[in-house]
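Working notes, beginning with the structure itself.
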Amino acid sequence: MPREDRIACHVIDIADAALDPRDAIAFVSDDAFGGIDVFIGRVRTRSQGRQCVGIHYDMFDPLALAVFRRAAEASIEAHDPQARCYIAHAKGKLAVGDLAVVVAFASAHRDAAFRGCRQAIEAVKHQAPIWKQEHFSDGGAAWSDGTPLVAADAATGREGA
Amino acid sequence: MNITLQLFGRFRDFADAPELHLELPGVTTTAEFRAAFEAWARAHWPDAAIALLQASAIATDTTLLHPRTPLPADGRLALLPPVSGG
């Protein structure tokens, strides 16, 4: 099966639907695979020492989907060329307990599944154009500081500001 | 060049709309756009926005733009502050 058919990437507006890990597991499942690793990111109740009531996720959808796809391709390339990978991230106003991100990676064996999933979620966290604004029980709100994005030079591959 | 700049994250707090429409004569590369836009921002936004701008990337719908990269013909760009997904 072509690699592009073994990758699924989604941005889901929480106003339309919630993320469902069963969708991720169903997509990556294959009788040839004995290992599926699933990462679920969930809105937690405390952040920066403050009581959190929710997170607003802002997202640049088209580039986020392109980054998800490149992350999935890189994970498959690095850990198992036959693997399957699913990446979905929510946007909008999420409450404590809502799911923010689901990544699943399936391979013949568990080691590649764990490593592929880890590589994919780290790329989503550090490279995808997504921003979170935490809302606190005292009524305050704060954008997270985050990780700067740096473009590579198409000619040299070197990064530039 | 006519530029449409999409704003995200904390930058949304500095503007009334999710996009800025700018006329920046003589701007053809990403580095030239960054310099021209920083001058615009110093005239319209607070100091906190300038610091954030210096830590931000410029992108199209499909890729981040290196300083030497020519701007897209449609002038449609996105200003991306440091990211915090997951």
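A, B, ... follow the sequence lines: proteins, then strands. Residue 1 opens every chain.
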Original post:
Who passes ring-ring contact (aromatic ring centres under 6.0 Å, His included) against His126(A), sequence neighbours left out?
Top reply: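 By the ring-ring contact (aromatic ring centres under 6.0 Å, His included) rule, His126(A) matches no residue at all.
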
ring-ring contact (aromatic ring centres under 6.0 Å, His included) partners for Phe68(A), two or more places apart: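 Listed in chain order: nothing, the list is empty.
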
- Message: I'd like to know which of Asp61(B), Asp13(B), Ile58(B), Thr30(B) tops the heavy-atom pair count under 4.5 Å against chain A.
- Response: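 Winner by heavy-atom pair count: Asp61(B).
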
[X] portion near chain B, given a 4.5 angstrom heavy-atom threshold:
X	result
Asp145(A)	both
Tyr57(A)	side chain
Arg70(A)	side chain

Next on the checklist: Suppose a student defines contact as a heavy atom less than 4.5 Å from any heavy atom of chain A. Which residues in residues 77-86 of chain B would they list?
Outcome noted: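 Expected list: Ala78(B), Leu80(B), Pro81(B), Pro82(B), Val83(B), Ser84(B), Gly85(B), Gly86(B).
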
Can you name the closest pair of heavy atoms from Leu63(A) and Thr63(B) and give their distance?
->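 Looking at all heavy atoms of both residues, the closest pair is CD1-N, 3.5 Å.
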
- Task: Would you check if Ile130(A) and Phe8(B) make a side-chain contact, meaning some heavy-atom pair closer than 4.5 Å?
- Result: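 No - every pair of side-chain heavy atoms lies 4.5 Å or more apart.
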
Item to complete: Starting at CZ of Phe11(B), measure out to CH2 of Trp131(A) and round the result to the nearest 0.5 Å.
Response: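 Nearest 0.5 Å value for the CZ-CH2 distance: 10.0 Å.
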
Within this structure, what is the NE2-CZ distance for the pair His56(A) and Arg12(B), rounded to the nearest 0.5 Å?
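It comes to 7.0 Å.
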
* To do: Measure Thr60(B) against the heavy atoms of chain A and call it side chain, backbone, both or neither at under 4.5 Å.
  =>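 Thr60(B) touches chain A through backbone heavy atoms alone.
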
Pick one of side chain, backbone, both or neither for Gln6(B), based on which atoms fall under 4.5 Å of a heavy atom in chain A.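 Contact with chain A: side chain only.
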
(message) Looking at Arg3(A), I want to see if its CZ is surrounded by more than 12 non-hydrogen atoms of other residues, nucleotides or ligands under 6.0 Å.
(response)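 It does: Arg3(A) CZ has more than 12 such atoms within range.
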
Chain B: which of Pro148(A), Ala66(A), Pro129(A) shares the most heavy-atom pairs with it under 4.5 Å?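 With the most close heavy-atom pairs to chain B, the winner is Pro148(A).
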
**Q.** Toward chain B: residues of residues 86-114 of chain A with heavy atoms under 4.5 Å
**A.**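 Those residues of residues 86-114 of chain A which have a heavy atom under 4.5 Å from chain B are His89(A), Ala100(A), Val101(A).
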
